[in-house]
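Heads up, the thing below is written out as structure tokens.
Just so it is clear: chains get the letters A, B, ... in the order the sequence lines come, proteins before strands, and each one is counted from 1. Side chains are part of it too, since the values below use all heavy atoms of this structure and drop only hydrogens, waters and symmetry mates.
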2 protein chains.
Amino acid sequence: MPPLNEQQLDQNREERREQIKKAALKVFTKRGIIGTKISMIAKEAGISQGLTYRYYHSKDELFIELVKDAMEETAEAFASLENMSSSPLEKIKELTKKMLDTSNKHSFMLIQQVQTSDEVPDKAKEIVRQYPIPSFIEQLIPVFKKGQEMGEFCKGDPAKLLMLYFSVISGLMLLPNKDEEDQALDVDILMKLIRE
Amino acid sequence: MPPLNEQQLDQNREERREQIKKAALKVFTKRGIIGTKISMIAKEAGISQGLTYRYYHSKDELFIELVKDAMEETAEAFASLENMSSSPLEKIKELTKKMLDTSNKHSFMLIQQVQTSDEVPDKAKEIVRQYPIPSFIEQLIPVFKKGQEMGEFCKGDPAKLLMLYFSVISGLMLLPNKDEEDQALDVDILMKLIRE
DNA sequence: GTCTATAGAAAGATAGAC
DNA sequence: GTCTATCTTTCTATAGAC
């Protein structure tokens, strides 16, 4: 009997998990954790409902895994601003685009859901609290202050302005999809909120 | 045997229904129609779970009734702008305040839920479609145009700008409560989106 | 009119066949 | 590894006692 290729098996398993996660993220962001039935995720992933449980022990576990991923992505998006050489205005604009962009949107929406809903697992709340949006925003305060000095941004408490600004973005993310062109237009108008 | 005072009985029944509606609105807006269990509404209203069904035949029926109420309130809020003698800018500002105000907020949030969620009863969707937000916004287009002529508002397609503006408001309504002072501050900043 | 107890339906999670 | 069938839990809705 030939030895099984364990590495290959592991990789298959990992791919399956990714497939399930991708399907789950889509459904969770659309219908919320309670509105999402395991059967929906299975259908979206093209597998049977029972098989889902061979990869994740529960709906909550799957949800929590997705929240972890989303937080890491978000942390990276904020961190990558540091390395950009552009002006404060351009930095915020870039971040806004990323957040509203369809490919990243689901992650931000998931975090949004954790922050606003009472029905998500406590553990998900904990994870988001570990690096909460306020702390992401804190990273931007120096950027914003610099922009104020350069006359790019309006006067006022940077923390409050940024908080309002990202509330608005979060709100927009929750709304039904618009097409790409509209999104691009939106970004410039949104900047009016914080520009001089 | 003295004749029963039917009018009194009717009134009691009506009060009970209002009590249940008030509790339901609170829970529905917080947890969504699926996240809301009848037991939660009953608890919030301080009655037993079974009693709820003596006043409303189903969760959906109760939800739909609330949506009707909310649409009527909203329609009135928009309509009342017509009779105001203030400037276009002041009118929009007033409407914004009303929408973000805690006392009306729940109604707007319920409508928001109907528009964005897939899980609400079809009938609720229908009711909202009868007077959908776009048509509310249409009422404001003449106001906005006048504001543009007066130089109060920025240039651009009124329909698109208003749509974005109310998207932002809707988004903000979904976020956790802020205190009154902050709200007032927000309104002025939000106006920057559409001001010249 | 109101409550408690319970039937019925829906969804989460598991077991067993292939 | 995957699917179908089933157990279990949770919630909606009804029935019956007071």
Exercise. Could you tell me the separation between the CG atom of B:Leu62 and the P atom of D:dC11, rounded to a whole number of Å?
Key: 17 Å

Self-check item: Heavy-atom side-chain proximity of B:Phe28 to B:Met40 below 4.5 angstrom
Solution: no

Quiz item: Counting N and O atoms only, with roles assigned by atom type, does the side chain of B:Ser135 sit under 3.5 Å from a partner on the main chain of B:Tyr131, one being a donor and the other an acceptor?
Solution: no

Quiz prompt | Nearest-Å distance for atom pair CZ/C1', residues B:Arg16 and C:dC3 | solution = 11 Å

Practice problem: Can you tell me which residue pairs pass the side-chain hydrogen bond (donor to acceptor under 3.5 Å, both in side chains) test with a partner in residues 29-52 of chain A, sequence neighbours excluded? | Solution: A:Lys26-A:Glu44, A:Thr29-A:His106, A:Arg31-B:Glu119

Quiz prompt | Side chain proximity check, B:Lys98 to B:Ser80, heavy atoms < 4.5 angstrom | solution = yes

Quiz item: Which nucleotide in the set D:dT12, C:dA11, C:dT4 lies at the smallest distance from any side-chain heavy atom of B:Lys37?
Solution: D:dT12

Exercise. Return the set of residues passing ring-ring contact (aromatic ring centres under 6.0 Å, His included) with A:Phe144 (not counting sequence neighbours), or none when no residue passes.
Key: A:Phe153

Quiz item: Quick one: A:Tyr55 OH to C:dT14 P, roughly how many Å, whole number?
Solution: 16 Å

Quiz prompt | Value in whole Å for how far the P atom of C:dA10 lies from CD of B:Glu119 | solution = 16 Å

Self-check item: A:Leu9 CG - D:dG1 C1' separation (whole Å)
Solution: 10 Å

Practice problem: Would you classify A:Tyr56 as touching base, sugar-phosphate or nothing, given that sugar-phosphate means primed atoms plus P, OP1 and OP2, and contacts are heavy atoms under 4.0 Å? | Solution: nothing

Quiz item: How close or far is atom C1' of D:dT2 from atom CZ of A:Arg13, stated in whole angstroms?
Solution: 13 Å

Practice problem: Treating Ile, Leu, Val, Met, Phe, Trp and Tyr as nodes and any side-chain heavy-atom pair under 4.5 angstrom as an edge, say whether B:Phe166 and B:Ile141 lie in one connected cluster. | Solution: yes

Quiz item: Atom CD1 of B:Ile47 to atom C1' of C:dT4: distance rounded to whole Å?
Solution: 14 Å

Practice problem: May I have the distance from B:Glu14 (atom CD) to C:dG1 (atom P), rounded to whole angstrom? | Solution: 12 Å

Exercise. Give one of base, sugar-phosphate or nothing for A:Thr52, where a contact means two heavy atoms less than 4.0 Å apart.
Key: nothing

Quiz item: Less than 4.0 Å between a side-chain N and a carboxylate O, is that true for B:Arg129 and B:Glu126?
Solution: no

Check nucleotides 13-16 of chain D for protein N or O atoms closer than 3.5 Å to its own N or O atoms and list the pairs.
{"unit_1": "D:dA13", "atom_1": "OP2", "unit_2": "B:Tyr53", "atom_2": "OH", "d": "3.0"}
{"unit_1": "D:dA13", "atom_1": "OP2", "unit_2": "B:Lys59", "atom_2": "N", "d": "3.3"}
{"unit_1": "D:dG16", "atom_1": "O6", "unit_2": "B:Arg54", "atom_2": "NH2", "d": "3.1"}

